[in-house]
2 protein chains.
Amino acid sequence: MTNTKVYLEIVKQLREMISADNLKSGDKIPSERELSERLNVGRSSVREALRALELLGLIETRRGEGTFIRDFRGNQLVQLLGTFILQDEKAKLDVIETKNLIEMDILWLVLKRADAKQLLKLKSLVESDQLTDDQFFYQLIELTDNYLFSRIWLILKDYHHSLSFKKVEYKRDSYLMLIEALVEKDEEKTLSAYRQLRNLSILTDKY
Amino acid sequence: MTNTKVYLEIVKQLREMISADNLKSGDKIPSERELSERLNVGRSSVREALRALELLGLIETRRGEGTFIRDFRGNQLVQLLGTFILQDEKAKLDVIETKNLIEMDILWLVLKRADAKQLLKLKSLVESDQLTDDQFFYQLIELTDNYLFSRIWLILKDYHHSLSFKKVEYKRDSYLMLIEALVEKDEEKTLSAYRQLRNLSILTDKY
DNA sequence: AAGATGGGTGTGGTCTGACCACTAAAAAAC
DNA sequence: GTTTTTTAGTGGTCAGACCACACCCATCTT
């Protein structure tokens, strides 16, 4: 009869419930026992649905308190997919290529949007040698004001890490030049600085 | 004591098991009851882990047969995240912006890699009016030879769809011009054609 | 009155045992 | 040898039982 598994049905119900009640991040959803009663299903089935959503990073669960909608930052998801996915060499190259292009997109957005004040603040951080390469770029992404890009980049970053490449060194001068170019809103110079940072020849045929 | 939830521990164990035994798509993993015994946990906990992985699309389950590793193409994942995620208006704008930039990256890659023959084949498809906008771009992405980009774009496409925008019309002439520019490997012309296709003013300050 | 204490209650976390529905392979019947 | 029946194994689901923890509130102490 019931072709669809119960837990999937519950996931669906939850989605509808959330959208119907217009629940947002941080809001609490009914308890497992209540859901079990309301939907006429066993508590274990409810739990299967909730655990799945939890692993996806969509909800958060606190013992003794309840289950809450989460401010999803595709975290766990990445770890998981990451180790499951990158198997062949081709995939690794794709990761690098994709990450580089996305980073250039990000630079473009920053160039168009960020004001000098923000960039100079970042500059001072770089000068005090307080940032890793990842942190440097994350700072830039935040200037982008595009959450989706930030998510994508975070995923790529983790992918990249899991490749266990030679550790990215901290090229202070390159960062500073990059910032300078961004402040000047000079597209050519920005790209050039980025290429140098990433050791990309001309970034044409190589990619 | 056990700070980490059991089901997460099981997920971890499964990953190690898979990588240790070098299991691939289609391979079978131990039954729920066997896992329960081997790991000294309750079957319900095993199920919570498996259901979560199933929702992620990493495994597949067939009643009466067993549980199998899956050829994951982030499917369900997208649907889920999609409806859960895009709540505010800002997110919608991010989707559009991100999709556009990614598409430009793709065009860049195609321009660098694809040969005329492939592009002309696509051209004939366009001329016979057999493609939707999505299909057109997917064809382009395939010329990119970057699976990761294809995954990202597919997700963005689904996000974009779930925004229920005015349907993207089929602009035959724009597609043809785009292809022409790609064949000529003319970056400026390509970008220009894309802007026209997407109705982007200058694609500078607007973003 | 103000603070500290300690149950009560509700919540998630986990385990166990019991069925059911289904599949595939082994055994039995032909 | 072929067909049918049985059987063992698997996922699907439920119900009930504890446990650990968080929070609230009446109670006790000061």
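Only heavy atoms go into these numbers, but all of them, side chains included; no hydrogens, no water, no symmetry mates. Worth saying up front: this structure is predicted, and the values here are computed from it rather than measured.
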Could you walk me through whether B:Ser44 and A:Ser44 satisfy the side chain to side chain donor-acceptor pair (under 3.5 Å) test, starting with their C-alpha distance in whole Å, then the side-chain angles of each, then the deciding distance to 0.1 Å, before giving a yes or no?
CA-CA 7 Å; B:Ser44 52; A:Ser44 50; over 6 Å; no
Taking atom types as they are modelled, would you say the side chain of A:Arg43 forms a donor-acceptor pair with the base of C:dG13 within the 3.5 Å cutoff?
yes
Step-by-step salt bridge (charged side-chain N to carboxylate O under 4.0 Å, His left out) determination, B:Arg38 to B:Glu34
CA-CA 6 Å; B:Arg38 263 161 66 171; B:Glu34 183 179 343; 2.9 Å; yes
Per atom distances to the A:Val6 side chain, the nearest of D:dG11, D:dT13, C:dT11 is D:dT13
Whichever of B:Ser44 and B:Lys28 has the more 5' nearest nucleotide on DNA chain D, that residue is B:Lys28
Can you tell me if B:Ser45 touches the phosphate of C:dG13, counting only side-chain N or O atoms and a distance under 4.0 Å to OP1 or OP2?
no
Atom-to-atom span, CD1 of B:Ile29 to C1' of D:dG11 - whole angstrom:
12 Å
Rounded to whole Å, the CD-C1' distance (B:Glu32 to D:dG12) equals 8 Å
May I have the distance from B:Leu35 (atom CG) to D:dT10 (atom P), rounded to whole angstrom?
10 Å
Would you call B:Lys28-B:Glu65 a salt bridge at under 4.0 Å N-O?
no
Under-4.0 Å salt bridge between A:Glu48 and A:Arg51:
no
B:Arg51 CZ to C:dG13 C1': how many Å, rounded?
18 Å
May I have the distance from B:Glu9 (atom CD) to C:dC15 (atom P), rounded to whole angstrom?
12 Å
Would you mind reading off the distance between B:Leu8 atom CG and C:dG12 atom P, rounded to a whole angstrom?
16 Å
Donor-acceptor under 3.5 Å (B:Arg113 side chain, B:Thr144 main chain)
yes
Report yes or no: does B:Ser128 contribute a side-chain atom to a donor-acceptor pair with the main-chain N or O of B:Ser124 at less than 3.5 Å?
yes
Salt-bridged, B:Arg33 to B:Glu37, with N to O below 4.0 Å?
no
Can you see if the side chain of B:Thr67 gets near the phosphate of D:dG11 - specifically, an N or O under 4.0 Å from OP1 or OP2?
yes
Take the protein atom CD of A:Glu48 and the nucleotide atom C1' of D:dT13, then report the distance between them rounded to whole Å.
8 Å
Per atom distances to the B:Arg47 side chain, the nearest of C:dC15, D:dG12, C:dT14 is D:dG12
Record whether the side chain of B:Arg33 comes under 3.5 Å of the base of D:dG11 through a donor-acceptor pair of N or O atoms.
yes
Between the protein and nucleotides 22-24 of chain D, which nitrogen or oxygen pairs are less than 3.5 angstrom apart?
{"residue": "D:dC23", "atom": "OP1", "partner": "A:Glu65", "partner atom": "OE1", "Å": "3.4"}

Measure CZ/B:Arg62 against C1'/C:dA24 and give the value in whole Å, please.
12 Å
